[in-house]
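Take a look at the structure below.
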Amino acid sequence: MNIAKPFLLMATILLVSSCNSVQKHTDATVSLKNAYKDNFYIGAALDTNQIKETDTMVASLIAKEFNSITPENCMKSMFLHPEKDKFDFKMADKFIALGEKHNMFIHGHTLIWHSQLAPWFTQIKDSVTMSAALNNHITTIVKNYKGRIDSWDVVNEALNEDGTLRKTVFLDTYGKDYLTLAFKLAAKADPKVDLYYNDYNLCNAKKRKGAVALVKNLQKNGAKIDGVGEQGHWNLITPSLDEIEQTILDFSALGVKVSFTELDISVLPNPWDVVGADVNQKSEASEKMNPYPKSLPDSIQTQLAERYEAIFKLFLKHQDKIDRITLWGVNDGQSWLNDWPIKGRSNYPLLFDREFKAKKAYNNIMNLKEIKR
Ligand code: 9MR
């Protein structure tokens, strides 16, 4: 028997497969957005440096992987409408230009929110002034980007955890119909743009019930609402897949689109679960609360990857109801979760690590679509 033949065959197989993996790794078509192009948009929230494209490596990663973008901060009222008679569209214009350059689905975040609210809004004391302010704010901004923004978060986080309406300056001055007014103003300013209600913890049954009632009320009042945005600030354990599925079913039953708009998965302990507050244990407690200051252990990396995989499997199961999945940031270093609810921790909630390298979670999500890296 000629032993050179099997040896040659083996060597050829090895050579071909290693060439393939190199080719795949650098192949510009191997990306999240291409893998999921027939299912839903894959988006990311961009911070100001990413919008300004200060780092070319990061800029090309964003263009390669994502086909939708959301501004992490620059379109909130404190930045876009800082004074009653002054709008500042500079950074938002750059954001839109970036999305247009790459032909992306552009999401606006957010028109009405009690947080990061322009201070002049908080001075308003009566319904007539609030109505005029909402009119000027929403009409000016939505008209300014008419035809250039694909969807807007019209109202963000209007609900308490028990499903009742949150006490805000909008509710206090105008009453509960501020929601209807906001959606009607947005639709009038750009009849074609998709209009969303966006909130977190919608897996909580009481809050979800409140959100369903909120959407039904808008519909009953003749306002156009196209979608519900579930933020998706989750962790390794909660919410359960059943709870997530229930939200998809409940919202799509209302005839609106469902999008997951701010997805990230915290791997850190939650301070509200910690029992005991002995001040003498402060350093021990902070080590306990920031267990992976330098890097994420393999076992947790795998847990995170499996959690992302299970969630994306569920998203695929309901792809007919889901329009967009947006990650709340591009890489771990950027995440707001490094500073919330405790400042200065190292969290690892996204698909790219601090060096912008794809994590195991990325690979698992790609493998779901049978794309190997
Ligand atoms: O990621 C945003 C962070 O940079 C800001 O400091 C923070 C201020 O509240 O807002 C973060 O984004 C929030 C989003 O706009 C609405 N849903 C919750 C997000 C995380 O807090």
Side-chain angles (χ1 to χ4, degrees), residues 43-52 54 58 62 66 68-82 91-92 94-95 106-119 121-122 137 141 149 151-161 166 168-170 179 182 195-204 207-208 210-211 214 227-235 238-239 247 258-268 270-272 324-352 354:
L46 304 189
D47 66 20
T48 40
N49 281 329
Q50 292 161 349
I51 292 169
K52 288 195 271 182
T54 45
V58 178
I62 292 168
F66 301 101
S68 174
I69 51 173
T70 300
E72 185 177 5
N73 285 302
C74 76
M75 291 185 103
K76 294 168 179 173
S77 68
M78 66 183 282
F79 299 115
L80 213 50
H81 193 176
M91 190 55 69
K94 281 196 186 3
F95 165 78
I106 302 174
H107 181 70
H109 173 81
T110 169
L111 292 168
I112 300 299
W113 190 26
H114 64 277
S115 186
Q116 290 176 294
L117 180 62
F121 249 123
T122 64
H137 179 72
I141 295 170
I149 281 200
S151 58
W152 269 110
D153 286 334
V154 180
V155 180
N156 191 43
E157 302 174 9
L159 292 167
N160 294 312
E161 293 307 288
R166 183 194 289 271
T168 63
V169 69
F170 312 112
L179 285 133
L195 303 178
Y196 271 75
Y197 174 70
N198 193 53
D199 212 329
Y200 59 87
N201 278 359
L202 293 174
C203 287
N204 161 1
K207 195 166 184 177
R208 181 166 66 248
L214 184 156
V228 171
E230 302 195 45
Q231 294 185 5
H233 296 296
W234 297 331
N235 65 38
T238 63
T247 65
V258 179
S259 285
F260 289 85
T261 53
E262 305 185 14
L263 183 60
D264 49 24
I265 296 174
S266 173
V267 301
L268 295 185
N270 181 331
W272 296 292
R324 173 172 56 93
I325 310 293
T326 288
L327 281 299
W328 202 241
V330 177
N331 81 331
D332 288 342
Q334 175 196 349
S335 174
W336 70 294
L337 288 169
N338 294 306
D339 287 312
W340 189 91
I342 299 175
K343 258 199 162 317
R345 298 197 293 178
S346 299
N347 211 330
Y348 303 83
L350 296 168
L351 300 178
F352 294 92
R354 282 171 168 70

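Model, not experiment: these values are computed from the prediction. Index from 1, following the sequence. Numbering of ligands and ligand atoms starts at 1, following listing order.
Side-chain contact between E157 and N198 is absent, with no heavy atoms from C-beta onward closer than 4.5 Å. Put simply, the side chain of R354 reaches to within 4.5 Å of the side chain of S346, judged on heavy atoms. Between L179 and L214 the shortest side-chain heavy-atom distance falls below 4.5 Å.
Atoms of ligand 1 found under 4.0 Å from any heavy atom of E72 (numbered from 1 in listed order, with element): 1 (O), 2 (C), 3 (C), 4 (O). Atom numbering of ligand 1 starts at 1 in the shown order; those under 4.0 Å from a heavy atom of H109 are 14 (C), 15 (O), 16 (C). Annotation for ligand 1: atoms under 4.0 Å from non-hydrogen atoms of N156 are 16 (C). The atoms of ligand 1 that sit less than 4.0 Å from any heavy atom of E157 are 16 (C), 17 (N), 18 (C). Against a heavy-atom cut-off of under 4.0 Å, H233 is close to the following atoms of ligand 1: 18 (C), 19 (C).
Seen from the ring of F95, K52 does not count as a face-on cation partner, given the 6.0 Å and 45° thresholds.
Annotation: W340 is not in aromatic contact with H233 [ring centroid separation under 6.0 Å not met]. Checked against the 6.0 Å centroid threshold, W113 and F170 do not count as a close aromatic pair.
Judged by distance alone, the side chain of S151 and the main-chain N or O of H107 form no donor-acceptor pair under 3.5 Å.
For the ligand labelled ligand 1, residue Y200 lies outside the 4.0 Å heavy-atom shell.
For the pair W113 and ligand 1, the shortest N or O to N or O distance does not fall below 3.5 Å.
Counting only heavy atoms of the protein, atom 17 (N) of ligand 1 lies nearest to E262 OE1, 2.7 Å. Counting protein heavy atoms only, atom 10 (O) of ligand 1 is closest to K76 NZ, 3.2 Å.
The part of N73 lying near ligand 1 is the side chain, judged by heavy-atom distances below 4.0 Å.
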